[in-house]
S.K.: 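My structure is below; once you've seen it, I'll send some questions.
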Amino acid sequence: QAQLVESGGGLVQPGGSLTLSCAASGFTTDHYVIGWFRQAPGKEREGVSCISAMRDNSGTYYADSVKGRFTVSRDSAKNTVYMQMDSLESEDTATYYCAAETWPPCSSDAGELRAGDFGSWGRGTEVTVSS
């Protein structure tokens, strides 16, 4: 059974950094698209970034709101995907979720991520950016 567990959230000051982890079990992340989404109170879930399967050269996608500040990566040995978040802003405050699926497009040309395309989800980790 596929499981995803996010960790690494917390309270950080504006301009600070956090690294979120998405640890997978029951499947190999190398063969899946792993997406990162976030949901702030009262707002819809938003696609933030993704990393494609290794067969697709681990292409990446970033929403315009995080481009240049967030970096997604994969550690195959640990079966874990990370999202490094730098220059955090108050607008980044949200619960962050990782999700997995085999087929959604994930590249800079593919367009925004859609939560409905992903079948396996973690429970989320909270990120609060505040002074």
Side-chain angles (χ1 to χ4, degrees):
Q1 182 178 359
Q3 287 191 331
L4 296 164
V5 178
E6 303 93 337
S7 62
L11 173 65
V12 63
Q13 292 186 342
S17 298
L18 282 175
T19 300
L20 303 186
S21 301
C22 174
S25 60
F27 70 101
T28 302
T29 62
D30 288 356
H31 306 311
Y32 282 73
V33 176
I34 305 298
W36 284 99
F37 295 81
R38 66 186 181 187
Q39 189 165 17
K43 295 188 177 181
E44 293 186 355
R45 193 165 294 191
E46 171 192 16
V48 175
S49 70
C50 64
I51 185 166
S52 67
M54 290 190 71
R55 65 178 180 270
D56 295 318
N57 298 318
S58 296
T60 57
Y61 159 86
Y62 300 95
D64 287 344
S65 57
V66 306
K67 199 172 293 182
R69 300 188 297 122
F70 289 12
T71 304
V72 62
S73 62
R74 174 193 282 116
D75 185 331
S76 298
K78 295 183 178 180
N79 208 28
T80 299
V81 171
Y82 302 95
M83 185 164 69
Q84 172 73 32
M85 306 188 297
D86 298 320
S87 302
L88 284 162
E89 305 167 352
S90 58
E91 292 78 11
D92 297 317
T93 294
T95 299
Y96 284 72
Y97 302 87
C98 63
E101 192 52 79
T102 56
W103 60 268
C106 174
S107 71
S108 58
D109 299 328
E112 65 181 26
L113 291 179
R114 300 184 303 183
D117 289 344
F118 288 78
S120 298
W121 289 82
R123 294 188 175 184
T125 185
E126 292 191 12
V127 172
T128 302
V129 184
S130 175
S131 55

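Basis for what follows: all heavy atoms, side chains included, without hydrogens, waters or symmetry-related copies. Just so it is clear, the model here is predicted, and its values are computed rather than measured. In this chain, residues are counted from 1 in sequence order.
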S.K.: Answer with yes or no whether the hydrophobic clustering places Tyr61 together with Trp121; edges join I, L, V, M, F, W, Y residues whose side-chain heavy atoms lie under 4.5 Å apart.
M.R.: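 Same hydrophobic cluster.
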S.K.: Is it true that a side-chain atom of Gln39 and a backbone atom of Ala94 form a donor plus acceptor pair closer than 3.5 Å?
M.R.: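 It does not hold such a pair.
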S.K.: Could you tell me if the side chain of Ser21 sits less than 4.5 Å from the side chain of Lys78, heavy atoms only?
M.R.: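 Not touching, per the 4.5 Å side-chain cut-off.
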S.K.: Can you name the residues that form a ring pair (Phe, Tyr, Trp, His ring centres under 6.0 Å) with Tyr32, not counting sequence neighbours?
M.R.: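 For Tyr32 the ring pair (Phe, Tyr, Trp, His ring centres under 6.0 Å) partners, ignoring immediate neighbours, are Phe27.
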S.K.: Please check if Ile51 and Tyr62 belong to a single hydrophobic cluster, counting links between Ile, Leu, Val, Met, Phe, Trp and Tyr side chain heavy atoms closer than 4.5 Å.
M.R.: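 Yes; tracing contacts between hydrophobic side chains, which count when under 4.5 Å, links both residues.
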S.K.: So Leu11 and Ser130, side chain to side chain contact (heavy atoms under 4.5 Å, CB included) or not? Walk me through it.
M.R.: CA-CA 7 Å; Leu11 173 65; Ser130 175; 4.2 Å; yes
S.K.: Can you tell me if Asn79 uses its side chain to pair, donor with acceptor, with the backbone of Thr29 under 3.5 Å?
M.R.: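 Answer holds: yes.
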S.K.: Quick check for you: to the nearest 0.5 Å, what is the distance between Arg45 atom CZ and Leu113 atom CG?
M.R.: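 One finds 12.5 Å between CZ of Arg45 and CG of Leu113.
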S.K.: Can you pull out every disulfide bond (SG atoms under 2.5 Å apart) where at least one residue sits in residues 9-49? Sequence neighbours excluded, please.
M.R.: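 Applying disulfide bond (SG atoms under 2.5 Å apart) to every pair that reaches into residues 9-49, excluding sequence neighbours, yields Cys22-Cys98.
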S.K.: Between the side chain of Thr28 and the main-chain N/O of His31, is any donor-acceptor distance below 3.5 Å?
M.R.: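 No, because the side chain of Thr28 does not come within donor-acceptor range (under 3.5 Å) of the backbone of His31.
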S.K.: Please check this pair: side chain of Asp92 against backbone of Glu89, looking for a donor-acceptor N/O pair closer than 3.5 Å.
M.R.: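 At least one qualifying donor-acceptor pair exists.
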S.K.: How long is the gap from CD on Glu126 to OG1 on Thr93, to the nearest 0.5 Å?
M.R.: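 It comes to 10.0 Å.
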S.K.: With sequence neighbours left out, which residue pairs that include part of residues 93-119 fulfil the salt bridge (charged side-chain N to carboxylate O under 4.0 Å, His left out) condition?
M.R.: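 Output for this query lists Arg114-Asp117.
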S.K.: Checking the side chain of Arg74 only, and the main-chain atoms of Ser58 only, is there a donor and an acceptor separated by less than 3.5 Å?
M.R.: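 No; zero donor-acceptor contacts below 3.5 Å.
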S.K.: Quick one, Val72 and Cys50 - any side-chain contact, counting heavy atoms below 4.5 Å?
M.R.: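 No, too far: nothing below the 4.5 Å cut-off.
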S.K.: First locate atom CD1 of Ile34, then atom OG of Ser52, and finally report the distance between them rounded to the nearest 0.5 Å.
M.R.: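 It is 10.5 Å, given to the nearest 0.5 Å.
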S.K.: If only side-chain N and O atoms count, and only distance matters, is there a donor-acceptor pair under 3.5 Å linking Ser131 with Gln13?
M.R.: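 No donor-acceptor contact under 3.5 Å links the two side chains.
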S.K.: Is there a side-chain contact between Leu20 and Met85 (heavy atoms, below 4.5 Å)?
M.R.: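 Yes. Closest side-chain heavy atoms under 4.5 Å.
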S.K.: Quick check: do Ser49 and Met83 have side-chain heavy atoms less than 4.5 Å from each other?
M.R.: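 Counting from C-beta outward, Ser49 and Met83 do come under 4.5 Å.
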S.K.: Identify whether Phe37 and Val129 are in the same connected component of the hydrophobic contact network (ILVMFWY, side-chain heavy atoms under 4.5 Å).
M.R.: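 In one cluster: no.
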S.K.: For residues Trp36 and Tyr97: do they belong to one hydrophobic cluster (side chain heavy atoms under 4.5 Å, members Ile, Leu, Val, Met, Phe, Trp, Tyr)?
M.R.: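 The answer is no; the residues belong to distinct hydrophobic clusters.
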S.K.: So, does Asp75 use its side chain to make a donor-acceptor pair with the main chain of Thr80 at under 3.5 Å?
M.R.: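 No, because the side chain of Asp75 does not come within donor-acceptor range (under 3.5 Å) of the backbone of Thr80.
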S.K.: Tell me whether Phe70 is reachable from Val33 by hopping between hydrophobic residues (I, L, V, M, F, W, Y) whose side-chain heavy atoms are closer than 4.5 Å.
M.R.: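 Cluster IDs for Val33 and Phe70 differ.
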S.K.: Taking side chain as C-beta onward, heavy atoms only, is Val66 less than 4.5 Å from Arg38?
M.R.: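 Val66 reaches Arg38 side chain to side chain.
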